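A quick write-up on the structure given underneath.
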4 protein chains.
Amino acid sequence: MSGIRSKQKAERPEQILEAALDEFRKTGYGATRLEDIAKRIGVTKGTIYLYFESKEKLFESLITSLSAPLAQEFQENEWEWTDDIAADLDYILSRLYNFIFEHHKFRELLRLLVSEADRFPQFVDENYSEFIAPILQSLSKRFDAGIAAGQIEPTDTHELARFVVAPVLSLNIMSLLFGNRRAIDCDTFISTHRKVLLRGLLKPGAKEGEGGQSE
Amino acid sequence: MSGIRSKQKAERPEQILEAALDEFRKTGYGATRLEDIAKRIGVTKGTIYLYFESKEKLFESLITSLSAPLAQEFQENEWEWTDDIAADLDYILSRLYNFIFEHHKFRELLRLLVSEADRFPQFVDENYSEFIAPILQSLSKRFDAGIAAGQIEPTDTHELARFVVAPVLSLNIMSLLFGNRRAIDCDTFISTHRKVLLRGLLKPGAKEGEGGQSE
Amino acid sequence: MSGIRSKQKAERPEQILEAALDEFRKTGYGATRLEDIAKRIGVTKGTIYLYFESKEKLFESLITSLSAPLAQEFQENEWEWTDDIAADLDYILSRLYNFIFEHHKFRELLRLLVSEADRFPQFVDENYSEFIAPILQSLSKRFDAGIAAGQIEPTDTHELARFVVAPVLSLNIMSLLFGNRRAIDCDTFISTHRKVLLRGLLKPGAKEGEGGQSE
Amino acid sequence: MSGIRSKQKAERPEQILEAALDEFRKTGYGATRLEDIAKRIGVTKGTIYLYFESKEKLFESLITSLSAPLAQEFQENEWEWTDDIAADLDYILSRLYNFIFEHHKFRELLRLLVSEADRFPQFVDENYSEFIAPILQSLSKRFDAGIAAGQIEPTDTHELARFVVAPVLSLNIMSLLFGNRRAIDCDTFISTHRKVLLRGLLKPGAKEGEGGQSE
DNA sequence: AATGAATGAGATTTCATTCAT
DNA sequence: AATGAATGAAATCTCATTCAT
């Protein structure tokens with residue numbers, strides 16, 4: 001019941017999960033040895049079994065521990081809209097990018113989900129419904145309002161939302177693939193993203209061309 | 001007999017690679033057992049060793065066998081541009097999407113790369129330089145021309161290329177995550193993609209707002 | 001407080017031994033975990049080590065604690081004989097059966113001895129000499145007297161003693177094997193036992209037959 | 001497909017079971033290490049897993065492999081009765097004792113059943129119904145006939161059957177407890193057994209005494 | 001007296017790899 | 001070309017034992 005002891009005990013699961021994330025990322029779920037996870041925090045493999053009943057359960061707890069705070073963050077920080085569509089876009093982009101670059105863990109969660117999607121489909125679905133769907137929902141609602149206000153060309157706003165998120169996801173994947181080997185200029189990326197969304201690729205006034213089949 | 005035999009022999013490596021892909025996807029590289037790969041094509045573990053010297057080499061051959069034809073396809077079918085930027089965009093999108101939905105294997109290659117990026121960085125780099133870089137290169141060249149011709153607002157065309165590719169990559173990831181559990185309406189997706197690229201989100205004539213910081 | 005405490009302390013070893021017996025029976029010595037024994041009495045593993053220095057010593061103490069009172073009971077209650085052989089047989093049977101059905105623990109002691117006979121032969125021998133041998137001794141002495149008094153056909157009285165005990169042992173084994181799944185009608189059992197011992201299987205007057213080789 | 005290879009393969013399971021029996025007996029189920037079983041037949045522990053999927057399954061197979069031939073032997077060798085009750089008793093005793101002393105394995109089966117009765121009650125029941133019940137059945141049928149023919153005093157013949165079997169079981173238990181440390185004079189044992197059954201303990205003509213409550 | 005977190009030796013189990021057939 | 005029995009190194013997992021609190 002000493003302070004030190006009980007504090008350490010309380011933090012152990014977190015420590016283990018953190019170490020597990022690092023090892024799973026580095027080595028992949030299948031090839032990671034529990035002993036390496038243990039060594040990382042200076043305990044022995046037996047200790048892990050005091051807190052997690054198997055490697056698989058540890059993995060599941062890891063997924064949960066990664067996605068739970070992300071979901072919570074979204075639930076706690078409602079998107080706040082203005083009347084200004086451009087300002088709102090900036091706001092959206094900055095929140096989306098922050099989400100990725102502040103959360104090293106988000107990237108790795110995505111990696112684990114992609115890697116193990118067939119083995120743990122329930123986690124994919126959970127994560128989708130917990131914070132991917134809400135994000136898309138929130139964005140498409142804003143776009144609906146934008147269409148109603150004549151700010152945005154009428155279209156399928158849910159699909160539109162995906163396009164706003166897509167480059168962020170894409171950036172995330174690149175980051176997973178290249179790690180630190182390929183630096184990414186995030187500011188340029190965001191600014192390009194913003195520009196394209198606002199104006200499209202075309203120069204204002206440029207004829208859109210005859211090939212365009214409108215739907 | 002020798003005809004059948006030799007034909008079988010010639011096809012064995014391919015069979016094995018196909019089976020390996022299925023198993024690696026389902027179970028992940030580390031957790032996949034060679035025996036399961038063998039069982040899939042009705043042979044035994046030992047047979048695999050007649051064609052591949054180890055599990056790791058098998059994995060490497062798999063990556064190569066997946067990316068080589070993709071790279072070749074790109075090399076053999078140069079992108080062909082017109083003067084019409086909208087038509088070229090249609091062309092780009094159709095080629096990119098075709099690439100994904102014709103090539104089930106492309107998706108899985110991406111999964112393997114994401115999963116094992118830290119263990120096999122050389123494969124990531126190889127694939128990048130073999131056909132991701134060329135695609136981006138090709139697109140950005142077209143955009144340069146578009147800028148020169150006054151069709152496109154001047155900007156970093158390499159970044160621009162990423163934005164054109166991003167939704168495709170994103171769609172790919174979704175497909176990896178959800179498999180067959182979530183149907184994707186590809187036509188709507190493409191059409192939305194096209195519209196946004198051509199015009200941006202904003203309605204022509206809408207004021208772009210005061211929040212826009214120009215860079 | 002100290003009253004309760006010290007009382008608890010005094011009873012702990014007994015509690016532990018009781019719990020140990022239950023677990024050893026259920027799971028076998030080798031497979032029983034100290035933690036389960038501890039849980040049974042609401043303490044933790046460590047507590048056991050305050051009273052027993054190892055699992056093996058605990059087992060040894062258990063054997064001793066089971067057999068000691070049994071041996072004592074026999075030593076304190078000398079068999080008391082009359083001149084009436086039939087009455088003495090009744091007395092013998094009732095004491096033997098009482099011994100078993102009053103002492104749930106006797107049965108389990110036997111199980112432990114059978115299970116671990118090769119690992120702990122000293123316990124088998126101890127128990128044998130402490131109360132199996134004395135019982136047999138006592139019975140065979142009575143039979144010797146019976147032979148001398150012309151009540152019993154001359155024979156190896158030690159072997160005879162075994163036959164008197166055998167059905168009791170056999171009943172014990174059945175009880176170990178079937179637990180509560182198979183009810184045993186003890187009264188009928190005793191009465192049959194008595195009858196056979198007194199008269200044998202044969203009807204008085206029945207010809208014993210020619211197959212009988214006399215020894 | 002070579003003779004040697006395939007023969008060895010066919011015999012492996014048997015070899016393993018034999019070795020397992022020896023080790024389980026010596027060390028108890030829980031404390032036996034698969035490696036020791038493997039070593040006994042000159043293979044490595046991995047080999048065991050080619051034939052048995054776990055230690056527990058190995059144990060179960062062992063029980064089955066021990067009891068199956070015993071049950072079969074009983075089914076194939078029907079008890080054959082004559083009109084001579086004494087001759088039939090001799091026959092019964094000799095078959096029962098043969099069963100035990102020819103079958104070293106029978107003894108050990110009993111040990112395993114007693115040891116693990118609470119963990120594997122289904123095996124106890126299986127064995128009971130497969131050859132203990134049939135034996136008792138067969139004997140009691142003979143005794144019924146004996147009663148009908150006036151050879152035997154009327155009584156509960158099923159209980160009677162137990163008394164005939166009991167000393168054999170008892171001998172078996174003694175043998176399990178003392179192994180080779182205490183030699184057993186089997187002939188004397190059988191002969192005493194026979195004598196008691198035929199005539200009871202009492203000398204013919206001896207007054208049965210007044211203590212006898214007849215039922 | 002009791003706890004329970006931690007250990008670490010050792011058990012079970014897995015599986016890539018080999019090789020005689 | 002293929003097999004599949006066997007290996008053995010290494011993984012997961014267990015648990016008797018310790019010891020700081």
Side-chain angles (χ1 to χ4, degrees), chain A residues 1-6 8-10 12 30-38 42-56 58, chain B residues 1-2 4-6 8-10 12 30-38 42-58, chain C residues 1-2 4-6 8-10 12 30-38 42-58, chain D residues 1-6 8-10 12 30-38 42-56 58:
Chain A
M1 185 181 289
S2 118
I4 290 177
R5 264 291 181 105
S6 67
Q8 198 157 45
K9 153 106 193 190
R12 270 282 182 265
T32 293
R33 295 178 304 145
L34 288 187
E35 189 157 19
D36 290 338
I37 295 175
V43 298
T44 60
K45 57 200 153 139
T47 301
I48 293 178
Y49 285 90
L50 294 176
Y51 303 94
F52 302 95
E53 64 184 42
S54 70
K55 187 182 176 183
E56 178 142 341
L58 170 60
Chain B
M1 174 195 80
S2 79
I4 289 177
R5 267 284 180 110
S6 68
Q8 203 162 44
K9 152 127 195 190
R12 269 283 185 264
T32 291
R33 295 178 301 154
L34 287 187
E35 189 160 17
D36 290 338
I37 296 175
V43 298
T44 59
K45 283 187 284 188
T47 303
I48 294 177
Y49 283 87
L50 296 175
Y51 302 94
F52 301 94
E53 62 185 49
S54 72
K55 187 182 176 184
E56 180 146 339
K57 283 272 197 279
L58 170 60
Chain C
M1 173 193 84
S2 78
I4 290 178
R5 267 283 180 111
S6 67
Q8 203 162 45
K9 152 126 195 192
R12 269 282 184 263
T32 292
R33 295 177 301 155
L34 289 187
E35 189 160 17
D36 290 338
I37 296 175
V43 298
T44 59
K45 282 187 286 189
T47 303
I48 293 178
Y49 283 87
L50 296 176
Y51 301 95
F52 302 93
E53 63 185 48
S54 72
K55 187 183 176 184
E56 179 146 339
K57 284 273 198 275
L58 170 61
Chain D
M1 185 182 288
S2 119
I4 291 178
R5 263 294 181 104
S6 67
Q8 197 157 46
K9 153 103 194 191
R12 270 281 182 265
T32 292
R33 295 178 302 146
L34 289 188
E35 189 158 20
D36 290 338
I37 296 175
V43 299
T44 59
K45 56 200 152 138
T47 301
I48 293 178
Y49 285 89
L50 294 177
Y51 302 93
F52 302 94
E53 63 186 41
S54 70
K55 186 183 177 183
E56 177 142 340
L58 170 60

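Residue numbers start from 1 in every chain, and the chains themselves are labelled A, B, ... in the order their sequence lines are given, proteins ahead of strands. Note: hydrogens, waters and symmetry copies are ignored here, and every other heavy atom, side chains too, is used. Predicted, not measured: the structure shown is a model, and the values here were computed from it.
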### Query
Out of F:dT7, F:dA16, E:dT17, which nucleotide sits closest to the side chain of B:Ser54?
E:dT17
### Heavy-atom side-chain proximity of C:Val43 to C:Arg12 below 4.5 angstrom
yes
### Message
So which atom in B:Ile48 and which in B:Leu34 form the shortest heavy-atom distance, rounded to 0.1 Å?
### Response
CD1-O, 3.5 Å
### Rounded interatomic separation in angstrom, taking CD from C:Glu35 and P from F:dT18
16 Å
### Task
Nearest-nucleotide wise, let me know which of A:Gly42 and D:Thr32 is further upstream toward the 5' end of DNA chain E.
A:Gly42
### Task
For C:Glu56 and F:dT17, give me the distance from atom CD to atom P, rounded to whole Å.
9 Å
### Query
In whole Å, what is the span from the CD1 atom of D:Ile37 to the P atom of E:dT13?
11 Å
### Of the listed nucleotides F:dT12, E:dT12, E:dG8, the one nearest the side chain of A:Arg33
F:dT12
## Note on the structure
E:dG8 -> Watson-Crick or G-U wobble partner, both distances under 3.5 Å, gives F:dC15
### Query
Can you tell me if the side-chain N/O atoms of D:Thr44 get under 4.0 Å from OP1 or OP2 in F:dT7?
yes
### Query
Can you find a donor-acceptor pair, distance only, under 3.5 Å between A:Lys45 side chain and E:dG10 base?
yes
### Query
What integer distance in Å separates A:Lys55:NZ from F:dA10:C1'?
12 Å
### Task
Between D:Gly30 and B:Glu53, just flag the one whose closest nucleotide in DNA chain E comes earlier from the 5' side.
D:Gly30
### Task
Would you confirm whether A:Lys45, through its side chain, and A:Arg33, through its main-chain N or O, come within 3.5 Å as a donor-acceptor pair?
no
### Message
Distance check needed: F:dA10 P versus A:Asp36 CG, whole Å only.
### Response
12 Å
### Query
What's the CZ-C1' distance between D:Arg12 and F:dA6, to the nearest Å?
8 Å
## Note on the structure
Here the gap from C:Thr44 atom OG1 to C:Glu35 atom CD, rounded to the nearest 0.5 Å, amounts to 8.5 Å
### Message
Can you tell me which nucleotide in F:dA6, E:dA5, F:dA2 comes closest to the side chain of A:Tyr51?
### Response
E:dA5
### Summary
Separation of E:dT7 atom P from C:Leu34 atom CG, nearest Å, is 20 Å
### Task
Consider the side chain of A:Tyr49, meaning its heavy atoms from C-beta on, and name the nucleotide among F:dT14, E:dA5, F:dA10 that approaches it most closely.
F:dT14
### Message
For E:dA1, give the paired nucleotide (Watson-Crick: N1-N3 plus N6-O4 or O6-N4; G-U: N1-O2 and O6-N3; both under 3.5 Å), or none.
### Response
none
### Message
Does a side-chain N or O of C:Thr47 approach OP1 or OP2 of E:dT3 to a distance below 4.0 Å, or not?
### Response
yes
### Task
Whole angstrom is fine here: how far is it from CD1 in D:Ile48 over to P in E:dT12?
9 Å
